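For reference, the structure is listed below as structure tokens.
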Amino acid sequence: MTDMPTAADPSTLGFDPTRLQRIDDHFAEYVDDGRLAGWQVAVMRHGRLAHHSTYGKRDLESGADWAPDTIARMYSMSKPITSVAAMILHEEGRFQLKDPVSKFIPSFADTPVYRSGSFQAPLTEPQTEPMRIWHLLTHTSGLTYGFHNSHATDAMYRNDGFEWGIPAGLDLASCCDRWAALPLVFQPGSEWNYGVSTDVLGRVVEVVSGQPLDVFLQERVFEPLGMTDTAFWVPGDRRDRFAELYYRNPATKKAAKMPAPALTEKPDMLGGGGGLCGTAADYLRFTQMLMNGGELDGARILGSRTVDYMTTNHLPGDADLEEYGRPLFAETTFDGVGFGLGFSVVLDPAANKVPGSKGSYSWGGAASTVFWNDPAEEITALFLTQLLPSSTYPIRPQLQQLVYQALVD
């Protein structure tokens with residue numbers, strides 16, 4: 001089990017301790033009034049832990065507290081990890097970003113593109129630009145998610161069994177072939193849309209490396225970084241630390257337990273886009289590796305220039321997601337935020353209307369989790385909880401404003 005870093009005196013890191021306490025006070029109200037079951041927050045600066053706290057329960061029914069070693073479903077916070085895995089292979093010259101996805105997954109060669117019509121009778125056209133690896137890394141592939149409920153192609157995904165889960169018995173290769181048979185939302189490279197791109201990227205990692213995704217991640221990321229609790233499933237000796245999953249009951253307005261896969265053994269489908277579980281301590285090892293330019297405690301995962309490249313806006317014309325993308329949720333503002341290779345990237349904090357720094361990069365998960373790295377201030381912030389969906393409350397911008405107000409140096 002990976003331990004949390006040793007806490008430092010926050011005043012030596014430029015934080016006012018009484019102002020940091022506002023983070024805990026604010027989010028304690030979420031638990032006290034029943035909106036969240038429990039949570040964990042960590043703030044690092046200059047590579048040292050400035051603030052760490054837990055509050056509430058990981059399991060309301062049993063009364064088990066949310067502890068420092070609680071294991072949470074990371075959902076889409078898996079995406080940066082899978083993106084790093086792909087870039088490890090890119091650094092070895094195993095593929096180029098312009099390579100067509102069909103070079104590694106042939107079924108994507110003929111994927112049609114939606115033009116008009118209903119989900120039951122769509123009119124499609126051929127791809128004018130092949131789907132490429134960089135399209136997967138930037139979510140400009142045209143792939144989607146069934147849970148969006150905003151486009152005819154989303155309904156096609158749901159109709160094919162892909163909403164919050166996958167059809168029983170399918171592995172990653174089979175899922176990719178099923179997705180390849182469904183129309184794309186748009187021509188690859190023409191827009192940004194959140195979808196299964198990173199899951200497909202995980203299959204590319206498998207094909208290129210010749211290893212299952214879990215094995216590659218274990219050998220090339222988790223073991224070198226000491227991420228001992230991160231995996232696609234939670235085995236028996238860790239079950240007593242696994243948090244339950246909740247949603248907002250519309251009648252009571254409070255967190256209510258929802259059914260979730262047990263994840264007691266390796267799943268058939270290794271979802272690099274949303275399948276990992278882990279602890280705060282583990283994820284901080286990953287974020288600090290990125291903050292250090294690809295290295296942590298002597299383990300080099302990526303070159304420093306690769307990390308810089310990944311955390312640069314890759315949207316054409318340096319556009320932000322409001323210009324180029326399809327908004328995820330009404331409570332999330334993407335003005336002044338672009339997208340790199342696996343991360344959102346702040347282009348203009350003033351346009352984003354949340355305090356922060358240009359060049360900060362981040363991503364969150366469906367259960368209201370989030371992390372960000374701010375290289376200019378050398379700040380990492382991490383928030384874990386287990387409430388679906390992440391659009392339920394404005395936790396992410398609130399955490400950001402509370403962290404930055406505590407800086408006084």
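Computed over heavy atoms, backbone and side chain alike; hydrogens, waters and symmetry mates excluded. The residues of the chain are indexed from 1 along the displayed sequence. Everything numeric in this text was worked out from a predicted model, so none of it was measured.
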### Message
Once rounded to the nearest 0.5 Å, what's the spacing between atom CZ of F186 and atom CD of E129?
### Response
12.5 Å

### Query
Quick one: are the ring centres of W192 and Y324 less than 6.0 Å apart?
no

### Message
Here's one to test your reading of the geometry: is the NZ or CZ of R203 within 45 degrees of the ring axis of F104 and under 6.0 Å from its centre?
### Response
no

### Message
Just to verify, what does D409 make a side-chain hydrogen bond (donor to acceptor under 3.5 Å, both in side chains) with, not counting sequence neighbours?
### Response
R45

### Query
Does R73 make a cation-pi contact with F242, if we ask for NZ or CZ under 6.0 Å from the ring centre and within 45° of the axis?
yes

### Message
Does E61 form a salt bridge (Lys or Arg N to Asp or Glu O under 4.0 Å) with K257? I'd like the steps, not just the answer.
### Response
CA-CA 9 Å; E61 290 184 334; K257 185 177 176 180; 3.2 Å; yes

### Query
For Y246 and A37, which heavy atoms make the closest approach, and how far apart are they?
CE1-CB, 3.6 Å

### Query
For E223 and R220, what are the C-alpha separation, side-chain angles and deciding distance, and is it a salt bridge (Lys or Arg N to Asp or Glu O under 4.0 Å)?
CA-CA 7 Å; E223 278 187 16; R220 303 300 298 273; over 6 Å; no

### Query
Once you round to the nearest 0.5 Å, how far does CG of N249 lie from NZ of K254?
10.5 Å

### Task
Would you please classify the geometry between the Y30 ring and the Y393 ring as parallel, tilted or perpendicular, with 30° and 60° separating the classes?
perpendicular

#### Entry: Short N-O contact, R285 and D297, less than 4.0 angstrom
yes

### Query
How are the rings of F162 and W179 set relative to one another: parallel (under 30°), tilted (30 to 60°) or perpendicular (over 60°)?
tilted

### Query
To the nearest 0.5 Å, what is the distance between CG (D199) and CG (L143)?
9.5 Å

### Message
Parallel, tilted or perpendicular, judged at 30° and 60°: which one describes the rings of H148 and Y194?
### Response
tilted

### Task
In sequence, state the C-alpha distance, the side-chain angles, and the governing distance for D374 and S357, and then conclude on side-chain hydrogen bond (donor to acceptor under 3.5 Å, both in side chains).
CA-CA 7 Å; D374 178 344; S357 301; 2.7 Å; yes

### Task
Could you pull out all residues at least two apart from T2 that satisfy side-chain hydrogen bond (donor to acceptor under 3.5 Å, both in side chains)?
T228, D282

### Query
Between Y55 and F27, does the ring centre distance come in under 6.0 Å?
no

### side-chain hydrogen bond (donor to acceptor under 3.5 Å, both in side chains) between E91 and T306, worked out
CA-CA 8 Å; E91 287 192 328; T306 299; 2.5 Å; yes

### Query
Taking all non-hydrogen atoms of both residues, which atom of Q40 and which atom of A280 are closest, and how far apart?
NE2-CB, 3.4 Å

### Query
Less than 6.0 Å separating the ring centroids of F339 and H314?
no

### Query
Tell me, do S362 and R396 make a side-chain contact under 4.5 Å, heavy atoms counted?
no

### Task
Evaluate salt bridge (Lys or Arg N to Asp or Glu O under 4.0 Å) for D335 paired with K353, printing each intermediate quantity in order.
CA-CA 8 Å; D335 287 303; K353 298 298 181 286; over 6 Å; no

### Query
What about H51 and F15, are their ring centers closer than 6.0 Å?
no

### Query
Heavy-atom distance under 4.5 Å between the side chains of R238 and P235, does that happen here?
yes

